[in-house]
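Everything numeric here is computed off the predicted structure, so don't read it as measured data. Note that these values count all heavy atoms, side chains included, but never hydrogens, waters or copies made by symmetry.
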Amino acid sequence: MTKGNHNSPDLKSGKGSKDYSRYFDFSDAKVISEEEGKITYRIKGRNVQINSQPDYKEGKRRGKEEIEVHYDFEIPEEMQNFGVDKYYHITTYGCQMNEHDTETMKGLLEQMGYRSVDDRNHADLILLNTCAIRENAEDKVFGELGHLKNLKIEKPGLLLGVCGCMSQEEGVVNRIMSKHGFVDMIFGTHNIHRLPHLIKEAVFSKELVIEVWSKEGDIIENLPKKREGMRAWVNIMYGCDKFCTYCIVPFTRGKERSRRPEDVIAEVRELARQGFKEVTLLGQNVNAYGKDFTDIDYTFGDLMDDMRLIDIPRIRFMTSHPRDFDDKLIEVLGKGGNLVEHIHLPVQSGSTAVLKKMSRKYTREAYLELVRKIKLSVPNAVLSTDIIVGFPGETDEQFEDTLSLVREVGYDMAYTFIYSPREGTPAAAMEDNVPMTVKSERLQRLNDLIKENSRIINDRMLGEVVEVLVEGESKNNSEVLSGRSRANKLVHFEGSKDLIGTFVKVRITDTKTWYIKGDIVAEAAAVH
């Protein structure tokens, strides 16, 4: 199924390889065994099995190696009932891609007989699916590991794993090895399909198993997934080739590689058959889809055009890159139908100079021209974005450029962040010369402006009728239902619980900053 070099990394000391006894800086590390490309060390009284290691230098390489697609995945026979009468708990951090990876891991575990449990104290297997995009995301995981240490002491048979983007970082694996030796498995983003094998190795060898591929794997189709609710994530591509100077994703997720169109279309059609009401197409850079194909000319715009023909009420996508948002995609989105008008379009900064330092490869003017085209072609287009404040060297004037761009675009919502350096990225070597007090003040000013924009836009909706996909009860009031409009607006209204999972029409009667309220209206009303 996988290529031999993934399972047989060169782990021996010597030129061009990594000596783990030095890498983890453990003076008492001893080689116990070497077989089939795996090395077992004895470190601090525990055996550690290294299948493969994270390696930034390897991760930076973007070779021409052809990516293969495999359709023959199945759980190893000896592991198909391994989880019977056992329970698992997965905590997920970060983006929708991580949420989707968790759905896959749940599917794998349940095919092995495991069952989900909300209370991790009752779990036989706990996985932390981690995010590396911000420093505070990593801090949360290490804090969680500290709490889990006591549970591991109480339940020695508990299997504890760390996976996801943090696992692709050399420094993270080092820290887990040195300070959290009670962890049983560390695996990355490229080898999730190997989970049954890793569980087997960790359980039967009683060793810490580390398997992190720095060079991305092939595309594995037909992996089981456990989806819940009426909304589904569909991963259409993996990785990113943009190498923005602040971003760790190209190293943790690998190079861009697209699933075949027929496989994506077949999966979405099957979700429609199962009754899902909304599908979100996912990719770290979703609108770069198809650019890696060498045998066909098929872009993200073509895929979205084919999505329009599938009998599913709503199709969304994220996250897109302005540089890859071409005229074909804008034209297709303008056709409407089941393609919703909400577009997440990260800008990161309103200053061309800062954008250049970020290596975003577009200017302020080009971004605004793209926004103009979208609004001209897509009726009632609703835009959201990502913005970083306090990037190294950002001046007061450059931050003011961001505020003026936010005003000009009129975003409905934005995810805003204070810049924090990520080890291994070019920006981490830049002088982080914006004081934290200045960063915090800028973030507050930006957030105030975003709130003001959101409230103004919501106020304009008073009296309008919107289509709402009812998701469940409001978190704060069980007597109130909650759902999302096509524009991704959160809507609260009173109604019967049997409406959950259906579409209703709601007339807006009250507006708040981040949600709107309304009353159900008759079907004859016009919907916006």
Engineer: Of the options Leu449, Ile457, Leu383, which is the one that meets Tyr411 in a side-chain contact (heavy atoms from CB on, under 4.5 Å)?
Structural biologist: Leu383
Engineer: Verify the neighbour count for atom NZ of Lys356: are there more than 12 heavy atoms of other residues, nucleotides or ligands below 6.0 Å?
Structural biologist: no
Engineer: With a 4.5 Å heavy-atom cut-off, do Met185 and Ile199 have their side chains touching?
Structural biologist: yes
Engineer: Does anything in residues 336-356 pair up under ring-ring contact (aromatic ring centres under 6.0 Å, His included), and if so which pairs, sequence neighbours excluded?
Structural biologist: His344-Tyr415
Engineer: Distance only, no hydrogens: is a donor on one side chain within 3.5 Å (strictly under) of an acceptor on the other, for Thr416 and Asn447?
Structural biologist: yes
Engineer: Looking at every non-hydrogen atom in both residues, tell me the closest pair between Val434 and Glu394 and how far apart they are.
Structural biologist: CG2-O, 3.8 Å
Engineer: Starting at CG of Asn488, measure out to OG of Ser384 and round the result to the nearest 0.5 Å.
Structural biologist: 7.0 Å
Engineer: Tell me if a side-chain donor or acceptor on Thr385 pairs with a main-chain N or O of Leu345 at a distance below 3.5 Å.
Structural biologist: yes
Engineer: Within a radius of less than 6.0 Å around NZ of Lys242, do more than 12 heavy atoms belonging to other residues, nucleotides or ligands occur?
Structural biologist: yes
Engineer: Quick one: are Leu368 and Leu405 in side-chain contact, heavy atoms under 4.5 Å?
Structural biologist: yes
Engineer: Please check this pair: side chain of Asn287 against backbone of Asp324, looking for a donor-acceptor N/O pair closer than 3.5 Å.
Structural biologist: yes
Engineer: Under 3.5 Å, side chain of Arg407 to main-chain N/O of Asn453, donor-acceptor pair present?
Structural biologist: no
Engineer: Find the distance between CZ (Arg253) and CD1 (Ile248) and round it off to the nearest 0.5 Å.
Structural biologist: 12.5 Å
Engineer: Quick test of your reading of the model: are Glu103 and Lys106 salt-bridged, counting only N-O distances below 4.0 Å?
Structural biologist: no
Engineer: Scan residues 294-330 for pairs that pass ring-ring contact (aromatic ring centres under 6.0 Å, His included), counting only residues two or more places apart or in two chains.
Structural biologist: Phe300-Phe317, His321-Tyr362
Engineer: Is it true that Arg231 and Glu471 have a side-chain N and a carboxylate O under 4.0 angstrom from each other?
Structural biologist: yes
Engineer: Calculate, to the nearest 0.5 Å, the distance between atoms CG and CG belonging to Asn338 and Leu309 respectively.
Structural biologist: 8.5 Å
Engineer: Does Arg484 reach the main-chain N or O of Leu469 with its side chain, forming a donor-acceptor pair under 3.5 Å?
Structural biologist: no
Engineer: Between the main-chain N or O of Lys357 and the side-chain N or O of Thr245, is there a donor-acceptor pair closer than 3.5 Å?
Structural biologist: yes
Engineer: Any chance CG of Asp139 has more than 12 other-residue heavy atoms, nucleotides or ligands included, within less than 6.0 Å?
Structural biologist: yes
Engineer: Apply the test side chain to side chain contact (heavy atoms under 4.5 Å, CB included) to residues Arg308 and Leu339: give CA-CA distance (whole Å), side-chain angles for both, the deciding distance (0.1 Å), then the verdict.
Structural biologist: CA-CA 7 Å; Arg308 291 191 316 108; Leu339 307 183; 3.3 Å; yes
Engineer: Does this structure show an ion pair linking Arg175 with Glu169, if we count only N-O contacts that are shorter than 4.0 Å?
Structural biologist: no
Engineer: Do Asp302 and Thr299 have side-chain N/O donor and acceptor atoms under 3.5 Å apart?
Structural biologist: yes
Engineer: Nearest 0.5 Å, what's the NZ-CG distance between Lys226 and Leu108?
Structural biologist: 13.0 Å
Engineer: Holding to side chain to side chain donor-acceptor pair (under 3.5 Å), I want the full list of residues that pass it with Arg316, two or more places apart in sequence or in another chain.
Structural biologist: Glu278
Engineer: Minimum heavy-atom separation for Pro421 to Asp432, with atom names?
Structural biologist: CD-OD2, 4.1 Å
Engineer: Could you tell me whether a side-chain N or O of Asn433 sits under 3.5 Å from a main-chain N or O of Gly393, the two making a donor and an acceptor?
Structural biologist: yes
Engineer: Return yes if some donor-acceptor pair links the side-chain N/O of Asp292 with the main-chain N/O of Ser258 below 3.5 Å, else return no.
Structural biologist: yes
Engineer: Give me the one residue out of Glu99, Glu267, Glu110 that meets salt bridge (Lys or Arg N to Asp or Glu O under 4.0 Å) with Arg227.
Structural biologist: Glu267
Engineer: With a 4.5 Å cut-off on side-chain heavy atoms, are Met105 and Cys163 touching?
Structural biologist: yes
Engineer: Within the distance-only criterion (no hydrogens, no angle test), does the side chain of Arg422 pair as donor or acceptor with the backbone N or O of Ser420 below 3.5 angstrom?
Structural biologist: no
Engineer: What is the distance from atom OG1 of Thr319 to atom CD of Gln96, rounded to the nearest 0.5 Å?
Structural biologist: 6.0 Å
Engineer: Ignoring hydrogens, what is the shortest heavy-atom contact between Val69 and Glu221? Give both atom names and the distance.
Structural biologist: CG1-CG, 3.8 Å
Engineer: Would you kindly say whether Asp263 and Tyr71 are connected by a side-chain donor-acceptor distance under 3.5 Å?
Structural biologist: yes
Engineer: Distance check, rounded to the nearest 0.5 Å: Thr102 atom OG1 versus Leu128 atom CG?
Structural biologist: 10.0 Å
Engineer: For the pair Tyr93 (side chain) and Asn98 (backbone), establish whether a donor and an acceptor sit closer than 3.5 Å, ignoring hydrogens and angles.
Structural biologist: no
Engineer: So, Glu467 and Arg314, do they make that salt bridge, N to O below 4.0 Å?
Structural biologist: yes
Engineer: What is the minimum heavy-atom distance between Ile418 and Lys439, and which atoms define it?
Structural biologist: CG2-CD, 3.5 Å
Engineer: Any ion pair linking Glu365 and Arg372 (charged N to carboxylate O, less than 4.0 Å)?
Structural biologist: no
Engineer: Between the side chains of Glu256 and Lys291, is the shortest nitrogen-to-carboxylate-oxygen separation below 4.0 Å, so that they form an ion pair?
Structural biologist: no
Engineer: For a quick test of reading the model, state the closest non-hydrogen atom pair linking Asp295 to Arg260 and the distance between them.
Structural biologist: OD2-NH2, 3.0 Å
Engineer: Using a strict cut-off of less than 4.0 Å between a Lys/Arg side-chain nitrogen and an Asp/Glu carboxylate oxygen, indicate whether Arg442 and Asp396 qualify as a salt bridge.
Structural biologist: yes
Engineer: For Lys328, is there an ion pair with Asp305 - N to carboxylate O distance below 4.0 angstrom?
Structural biologist: no
Engineer: At their closest point, which heavy atom of Phe276 faces which heavy atom of Gly229, and how far apart are they?
Structural biologist: CE2-O, 3.5 Å
Engineer: Any luck finding a side-chain donor-acceptor pair between Lys361 and Ser359 under 3.5 Å?
Structural biologist: yes
Engineer: Would you check if there is a donor-acceptor pair between the side chains of Asp101 and Asn129 at a distance under 3.5 Å?
Structural biologist: no
Engineer: Answer yes or no: is there a donor N or O on one side and an acceptor on the other, between the side chain of Ser167 and the main chain of Phe187, under 3.5 Å?
Structural biologist: yes
